[in-house]
Amino acid sequence: MTKKIISVIVAILLVSVSIISFAANEGQLKNEMQNLQNNIKEANEQIEEIEGKVDSAMKELQTLNAEISEKEDQIDTLNSELGTLNEEINTISGKLKEEQEKYDNQYDILCKRIVAQYKAGTVSYLDVLLNSKSLSSFISNYYLIGKIAEYDTELLEKIKEQKTAIEKSKTELEGKQSTLKEKQAALKVEEIQLSNKKANKNKYVSQLNDEQKELQRQIDEMEAQYKQKEREWQELARKNGNNSGGYVYTGGKLRWPCPGYSRISSRFGYRGSAATGGVGSSNHKGIDMAAPHGTAILAAESGAVISVSNNCTHDYAKTYKTRCSCGGGYGNYIMISHGNGLVTLYAHCSSISVKVGQTVTIGQQIGTVGTTGYSTGNHLHFGVLLNGNYVDPAPYLNM
Ligand SMILES: [Zn+2]
Ligand SMILES: [Zn+2]
């Protein structure tokens, strides 16, 4: 073997070793990106769950506030009722005191009268008769004392009756007062219970907010990591833009990779992000060609296959909620290096028929259209990288 042949073999070996190491690193990076995407998705779902919990807790708080203000109203009403009742009790107590004084006075009068009658009673009829100026004066003296005492007794009885009636209504009022006081105490207990419940709910909501903040912080961190991985990935792609198995792209039109299907469902560049109802990133890094499942995908140019990712089994249309992030969202994909820094990418394949390190010629079938990865329906996502940067494929396709 001549030195020249050996050096060519070494060069080819070096190229394939470097392609395989690129494929390994590229696949590794895409897996890491995929894991990050999954974790971000999970964290976002947890945030949604927390938001749901916060919503229902806020509704419960509203109900609690309404209940508390209702209790406060009831307590206010009760307080004014108690105030009125206290006034009534004071008035009635005053009346009772007056009545008691009347009774005491009357009692004194009666006692004096009875003493007088008693005295009259102990005097003999003869004495009264002898001492009275006349019989009629004797009779009237004796009779009158008795009559007056009788009248005083009646009066006393009446006062006593009235006093009893007042006492009865006072007792009633006091009964009512103690019922209201019991009711008031019960309401205050209920109010305290509601306030405690409210404080607990508020604590719960602030815990939820803390959890949400922590999750958001984690998401931000993961998104930063994702961007870093993406940059590393682009750097790798840039370095491998020349690992083309000897092919050197010197300009000119790339072949349409999806013959018979020219409808572009999404162009390169800005489009609605997932948050606004669109799909994928707001910066679309390729063009989407709508084609039925199983349509042949052809190599747009000759070159070497530098990467194959073929581990997504989710070949069905997805929504933002049901999306998978296999292959960093590309699902099953192929990357071909054409030399001079130019790389093409074919994503969301349903099948792949080439291997890493294999050289392909322009127009050769490399796989079939599918909807693996983060894809809402069957299509080919066709990407073009120049020196590691995604560029608009349109000019390369003479669109
Ligand atoms: Zn998948
Ligand atoms: Zn796309």
Separation between NE2 of His338 and OG1 of Thr344, rounded to the nearest 0.5 Å: 2.5 Å

pair Ile287-Leu397: side-chain heavy atoms closer than 4.5 Å: yes

Spacing of OG1 belonging to Thr84 relative to CD1 belonging to Ile89, to within rounding of 0.5 Å: 11.0 Å

Nonpolar side-chain network containing Ile362, other nodes, edges under 4.5 Å: none

Which atom of Leu385 lies closest to which atom of Ala237, heavy atoms considered: CD2-CB, 4.3 Å

Gln100 and Asp104: side chain donor to acceptor below 3.5 Å: yes

Heavy-atom check, side chain of Val384 versus side chain of Leu254, under 4.5 Å: yes

Steps toward side-chain contact (heavy atoms from CB on, under 4.5 Å) verdict (Ser265, Asp288): CA-CA 5 Å; Ser265 53; Asp288 289 345; 3.3 Å; yes

Crowding at NZ, Lys41 (>12 non-hydrogen neighbours, <6.0 Å): yes

Transitive ILVMFWY side-chain link Phe382 to Met399, under 4.5 Å: yes

Contacts of type side chain to side chain contact (heavy atoms under 4.5 Å, CB included), residue Asn387, not counting sequence neighbours: Arg238

By salt bridge (charged side-chain N to carboxylate O under 4.0 Å, His left out) - contacts of Lys253 (at least two apart): none

Connected via hydrophobic side-chain network under 4.5 Å: Val343 and Val356: yes

Side-chain touch Met335/Asn240, heavy atoms, less than 4.5 angstrom: no

side-chain contact (heavy atoms from CB on, under 4.5 Å) assessment of Gln358 paired with Gln364: CA-CA 12 Å; Gln358 182 183 336; Gln364 183 181 332; 3.8 Å; yes

Pairs satisfying side-chain hydrogen bond (donor to acceptor under 3.5 Å, both in side chains), at least one member in residues 51-66, at least two apart: Glu51-Gln212, Glu60-Lys201, Asn65-Lys198

Nearest-0.5 Å distance, OG of residue Ser195 to CD of residue Glu72: 7.5 Å

Under the salt bridge (charged side-chain N to carboxylate O under 4.0 Å, His left out) test, residues paired with Glu99 that sit two or more places apart: Lys102

Hydrophobic cluster membership, Tyr316 vs Ile352, 4.5 Å side-chain cutoff: no

Where at least one partner belongs to residues 156-170, residue pairs that pass salt bridge (Lys or Arg N to Asp or Glu O under 4.0 Å), sequence neighbours excluded: Lys170-Glu174

Spatial distance of atom CD (Gln228) from atom CG (Leu36) [nearest 0.5 Å]: 11.0 Å

Under the salt bridge (charged side-chain N to carboxylate O under 4.0 Å, His left out) test, residues paired with Glu67 that sit two or more places apart: none

Min side-chain heavy-atom separation Tyr247-Glu301 under 4.5 Å: no

Option passing side-chain hydrogen bond (donor to acceptor under 3.5 Å, both in side chains) with Asp220 (candidates Gln216, Gln218, Arg217): Gln216

Same apolar cluster (I L V M F W Y, side chains within < 4.5 Å links), Leu236/Leu342: yes

Side-chain donor or acceptor of Thr359 paired with backbone N/O of Ala304 under 3.5 Å: no

Separation between NZ of Lys95 and CD1 of Ile166, rounded to the nearest 0.5 Å: 6.5 Å

Tyr333-Tyr346 aromatic ring centre distance below 6.0 Å: no

Pairs flagged by salt bridge (Lys or Arg N to Asp or Glu O under 4.0 Å) wherever residues 23-32 is involved - sequence neighbours left out: Glu32-Lys229

side-chain hydrogen bond (donor to acceptor under 3.5 Å, both in side chains) partners of Asn202, counting only residues at least two apart: none

Cation-pi geometry met for Arg323 and Tyr320 (6.0 Å, 45°): yes

Residue list, salt bridge (charged side-chain N to carboxylate O under 4.0 Å, His left out) with Glu172, at least two apart or on another chain: none

Any Leu155 side-chain heavy atom under 4.5 Å of Ile109 side chain: no

Heavy-atom donor-acceptor pair, Ser353 side chain to Ile366 backbone, under 3.5 Å: yes

Hydrophobic cluster membership, Leu187 vs Leu180, 4.5 Å side-chain cutoff: yes

Any side-chain heavy-atom pair of Val354 and Ile336 under 4.5 Å: no

Sidechain-backbone polar pair: Asp315 side chain, Thr371 backbone, donor-acceptor under 3.5 Å: yes

Side chains of Gln234 and Arg231, donor plus acceptor under 3.5 Å: no

Side chain Thr322, main chain Thr319, donor-acceptor under 3.5 Å: yes

side-chain contact (heavy atoms from CB on, under 4.5 Å) between Val369 and His293, worked out: CA-CA 5 Å; Val369 168; His293 192 266; 5.9 Å; no

Any Tyr261 side-chain heavy atom under 4.5 Å of Pro292 side chain: yes

Polar side-chain atom of Asp392 near backbone of Ala394 as donor-acceptor pair, under 3.5 Å: yes

Partners meeting ring pair (Phe, Tyr, Trp, His ring centres under 6.0 Å) with His379 (sequence neighbours left out): His348

Thr372 side-chain N/O to His314 backbone N/O, donor-acceptor pair under 3.5 Å: no

Test log, rule side-chain contact (heavy atoms from CB on, under 4.5 Å), inputs Asn79 and Gln184: CA-CA 8 Å; Asn79 281 342; Gln184 188 189 40; 2.3 Å; yes

Salt bridge flag under 4.0 Å for residues Glu230 and Lys285: yes

Ser350 to Gly294 - nearest heavy-atom pair and separation: OG-N, 4.2 Å

Parallel, tilted or perpendicular: rings of Tyr396 and Tyr249 (30°, 60°): tilted

Residue pairs passing the ring-ring contact (aromatic ring centres under 6.0 Å, His included) test where at least one lies in residues 217-244, sequence neighbours excluded: Trp233-Tyr390

Spatial distance of atom CD (Gln37) from atom SG (Cys326) [nearest 0.5 Å]: 11.5 Å

Validation row: Thr376, Lys318 side chains within 4.5 angstrom (heavy atoms): no

Ion pair Lys183/Glu81, N-O distance below 4.0 Å: no

Heavy-atom pair with the smallest gap, counting every atom of Cys312 and Gly373: SG-N, 3.4 Å

